[in-house]
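Below is one structure; the comments refer to it alone.
Keep in mind the model is a prediction, meaning the values are calculated, not measured. Residue numbering restarts at 1 for every chain, and letters A, B, ... go by the order of the sequence lines. Basis for what follows: all heavy atoms, side chains included, without hydrogens, waters or symmetry-related copies.
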Amino acid sequence: MEPVLCVLITVLFSASFYLMLSTHIIRVLLGVALLSNGVNLLIFTAGRLLREVPPIIAEGQMVPTMATANPLPQALILTAIVISFSFFAFLLVLGFRAYQALGTDDVNEMRVAEPEREPEPPMGY
Amino acid sequence: MAAESHAVDLSHAMFTQPVAFADWLVIAPVVTTIIGGAICLMTRKQTTLQPWIGTFVMALLVAIDAALLLRVVNNGPVTMVMGNWLPPFGIAFTVDAFGALMALVGAVIALTGSVYALVDVRTLSRRYGFYPLLMLLMTGVSGAFLTGDIFNLYVWFEVTLISSFGLLILGSSRPQLDGAVKYAFLNLIATTLFLVAVGYLYGVLGTLNMADIVRSVRELPDAAPIGTIAALFLLAFAMKAAAFPINFWLPASYHTPRIVVGAVFAGLLTKVGVYSLIRILVMLMPENRAAMSDIIVWLAIGTMLSGVLGALAQNDIRRMLGYLVVSGIGSMLVGLALGTADAVGGALLYAIHSMLVMTALYYLAGIMRRTGGAFDLAGLGGLYGANPLLAGLFLVLGLAVSGLPPFSGFWPKVVLVEASLKAGEGLLAAAILLTGFLTTLAVGRVWLFAFWRGGPLGTPDGAEHLPTARVPHETRLAAYLPVFFLVALIVWLGVWPEPVFAVANQSALGMVDPSAYLDSVFGGSE
Amino acid sequence: MRTVIFRTIAPFLAAIMVLFSIFVLLRGHNEPGGGFIGGLIAASAFAIYGIASGVAPVRRAIYFHPMGIAGFGLFIAAVAGLPSMLKGVPFLTGMWTAIEVFEVKVDLSTPMLFDIGVYFVVVGAITSIALALEEREFD
């Protein structure tokens, strides 16, 4: 199972890097979304895969008696999903507002904060 | 897998000592600011009440952090594990002197910010959440300084990030949206890279608790995977800290929001990145840091010089300050590059100095705008004639940021130069001194144009064309009070640095040799 | 989007979804469910209602500002960690108690309080984003 997931993670990462190299906000946004999905799968795989052994400790025991699935990665991934979801929503609104206010979604043409021909500092009185 | 290899004493978990009331100080900064932020969110229409709640909570935060620092300095690191879990498994908050000191200075910055915001943030922006966002920003920043769990550090980074987005676009002018797009995407990619590194680290070691990582890394037979992970951490945090060559988002965005937001960001955000770099590379992965030392030296030199050269090329004072923030990050990276206790202590001192000075300089830029009517060097002039007090304050801060005695910038530079020479890195020492010289030029030019000459560009030599804007009395009080407070701290650090030196040395020693940190987490069982 | 059928169905659908979200929230401790997913269901209920009948009726229906609701949730979630201070155990340690309501034992706990807080945070934050987007699109 691991090799398949590794290949999938690689595909997700490379697609997201390709998208993030674009100058258009919407593609970068999709790239970020793909990247966060790739990371979630990465954590999932890093937590080791095991089939059909739920991590439940029998009554009266202190520790599980056999090797069980790792319960931690799903907690980590859930946290990461919540965070990346809220960031995606925020960036979507931000990108939309920026597109409305600046009239472009090409970052090379967004030169309001750093104008193309900025005045030089004065050289003398 | 790897987690099972530790022999964990279960009985220790079953019979834990009751948590002393004083131990709640560990979690208090986070809880206080969350509750304060929540109350402010619920009372969003009470725009006259909010500043008082905000200032009160920030003052409380300063008091809590001061008490925490005192306790940590006297009794050593303190740990609290959330939800009564066993130490390596639960989310631990472990506070050592390094984190407590940074948290205290951060709280001071936030307190001055909430006072300065009385004049700088209008009713509408308060309604859209300046104070709640400031408090949630402090939740994230305090959490990042105090946590002892690397995944939890990631969560606090994201809390900080989302509140900073909110603060950055408060007001939604066109430059703000432009700056926010660049800031938001770059920072989000950086934190995602951080998460990638955390995922790999978990895959290799099977643990996320920092103390447990220290232990596991030492036991690991093969250091190669950790080398890759350390490089990823370096990339992610260098991006957050605005280190060369991935620093371009900072000057693109910090001049766009309200001046108080820029000031708080300059004081807090990049320093959280530097803190995490030192915490992870010096404390958790010292061998891999040493292996990357040559690269970090060049990063530090590049950051210092590109920052200060950028500052020399700017006409807008706020943009110049943005570049000076970057340049200061370079000096802190020197500590990371050398990795000795002296150098790390120097970097910590420099971080404290930089937090205080850069915040105060942003506030002053706001006051200069109110008095002189412009942010750019061409439009300002005659400020010395109009307001000698302002000129005096600027001179103090200018000398401090350039690292000249008798102000706070002098001692960290002395320590860093000495540490570089001791380590045989003459080039690094030369870069620090050159940066100081160039910073003096950049700040001196502001002094020359904005304060010393008679009026704005075009005023004939000898003639006076003083700005006439009069600032109302109560505005002046709320704007000058934070600056006076910060300047007093800067002078104090310059003329009597011993107490802070002692704490910084203790922190740095704790970083280089984290045995006290480990004892605090595992109850001294080893 | 605003067909007669959709406009007629939407209020009922929204009401049922809110009820379902509370069900999902409360079963969350031992079974799949919980504050986050419950909050998402409630937020999508408000979003559907907003698409069908405009943003203003939604704002009137939920009465409080969405960010105020989120703040309330944050407050509850943070306060849920504090009772453990009295028992001398670390922050966020679960505390349990049971009460009898009409001879049925009901378990009450601080984790449940925390989950309710999460529910309100998610409802408030997501609703506020959804309404902001809808306002721009339809008005």
Side-chain angles (χ1 to χ4, degrees), chain A residues 9 13 16-17 20 25 28-29 31-32 35-36 38-48 62-63 67 70 72-73 75-77 79-80 82-84 86-88 90-91 93-95 97-105 107 109-115 118-125, chain B residues 1 3-4 10 14 89 151 154-155 158-159 161-162 165-166 169 172-182 184-185 188-189 191-193 195-196 198-204 206 208 251-253 255-256 312-316 319-320 376-378 381 445 448-449 453-454 457 459-461:
Chain A
I9 293 166
F13 270 36
S16 78
F17 288 147
M20 285 194 293
I25 290 183
V28 181
L29 189 56
V32 170
L35 183 64
S36 62
V39 178
N40 292 341
L41 268 184
L42 176 88
I43 297 175
F44 180 64
T45 318
R48 305 297 188 275
M62 301 288 273
V63 287
N70 189 346
L72 189 62
L76 303 182
I77 293 170
T79 314
V82 171
I83 291 173
S84 63
S86 57
F87 273 93
F88 186 76
F90 182 88
L91 288 185
V93 177
L94 178 67
R97 288 290 307 281
Y99 172 67
Q100 280 184 326
L102 308 173
T104 174
D105 83 327
V107 285
E109 285 163 25
M110 291 187 177
R111 299 302 297 256
V112 183
E114 292 176 292
E118 267 184 295
E120 303 249 316
M123 295 298 166
Y125 272 17
Chain B
M1 291 253 259
E4 276 107 310
L10 278 173
M14 299 304 144
F89 301 114
F151 190 81
Y154 162 74
V155 173
E158 299 288 32
V159 171
L161 198 55
I162 201 137
F165 288 173
I169 57 162
S172 306
S173 66
R174 292 179 70 221
Q176 275 180 309
L177 286 169
D178 185 357
V181 165
K182 288 153 193 170
F185 277 102
L188 186 58
I189 292 170
T191 43
T192 313
L193 285 176
L195 187 60
V196 173
V198 170
Y200 279 128
L201 191 67
Y202 180 64
V204 173
L208 293 166
S253 58
H255 63 291
T256 56
L312 276 174
Q314 298 307 316
N315 185 31
D316 189 316
R319 297 205 60 188
M320 187 200 88
D376 58 316
L377 289 176
R445 197 178 56 188
L448 209 62
F449 284 123
R453 88 182 151 183
L457 197 64
T459 314
D461 205 11

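- The CZ atom of A:Arg97 lies 12.5 Å from the CZ atom of B:Arg174; values are rounded to the nearest 0.5 Å.
- Residues A:Ile25 and B:Val181 share a closest heavy-atom pair of CD1-CG1, 3.8 Å.
- Under the 4.5 Å side-chain criterion, counting only non-hydrogen atoms from C-beta, A:Thr79 is not in contact with B:Tyr154.
- Among B:Ser173, B:Ala180, B:Pro175, the residue making the largest number of heavy-atom pairs under 4.5 Å with chain A is B:Pro175.
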Exercise. I would like to know whether A:Leu72 and B:Phe151 meet side-chain contact (heavy atoms from CB on, under 4.5 Å); could you show each step before the answer?
Key: CA-CA 12 Å; A:Leu72 189 62; B:Phe151 190 81; over 6 Å; no
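- For A:Leu76, the parts lying under 4.5 angstrom from a heavy atom of chain B are both the backbone and the side chain.
- Rounded to the nearest 0.5 angstrom, B:Ile162 CD1 and A:Ile83 CD1 are separated by 9.0 Å.
- Using a 4.5 Å cut-off between heavy atoms, B:Leu201 makes no contact with chain A at all.
- The distance from the CZ atom of B:Phe185 to the CG atom of A:Leu91 is 4.5 Å, given to the nearest 0.5 Å.
- When each of B:Gly179, B:Ala378, B:Gly166, B:Ala252 is checked for heavy-atom pairs under 4.5 Å with chain A, B:Ala252 comes out on top.
- In this structure, the separation between OG1 on A:Thr45 and OH on B:Tyr202 is 12.0 Å, given to the nearest 0.5 Å.
- Counting all heavy atoms, side chain and backbone alike, B:Arg319 lies closest to A:Glu114 at NH2-OE2, 2.9 Å.
- Highest contact tally toward chain A, considering only B:Asn315, B:Leu377, B:Thr191, is held by B:Asn315 [criterion: heavy-atom pairs under 4.5 Å].
- Looking at A:Phe90 and B:Ile169, their side chains come closer than 4.5 Å, going by heavy atoms from C-beta outward.
- Proximity to chain B is limited to the side chain of A:Leu42, based on heavy atoms less than 4.5 angstrom apart.
- Residues B:Val198 and A:Val39 fail the side-chain proximity criterion, which asks for heavy atoms closer than 4.5 Å.
- Of the two parts of A:Val28, the backbone and the side chain both hold a non-hydrogen atom closer than 4.5 Å to a non-hydrogen atom of chain B.
- Ring geometry, B:Phe165 versus A:Phe87: the interplanar angle exceeds 60°, so the pair is classed perpendicular (tilted spans 30 to 60°).
- With a threshold of 4.5 angstrom between heavy atoms, A:Phe13 approaches chain B through side-chain atoms but not through N, CA, C or O.
- Among A:Ala101, A:Gly31, A:Ala80, A:Gly38, the residue making the largest number of heavy-atom pairs under 4.5 Å with chain B is A:Ala101.
- Ranked by heavy-atom pairs under 4.5 Å with chain A, the first of B:Leu188, B:Thr256, B:Thr192, B:Leu193 is B:Leu188.
- What you find for B:Ala184 and A:Leu94 is that their closest heavy atoms are CB-CD2, 3.8 Å.
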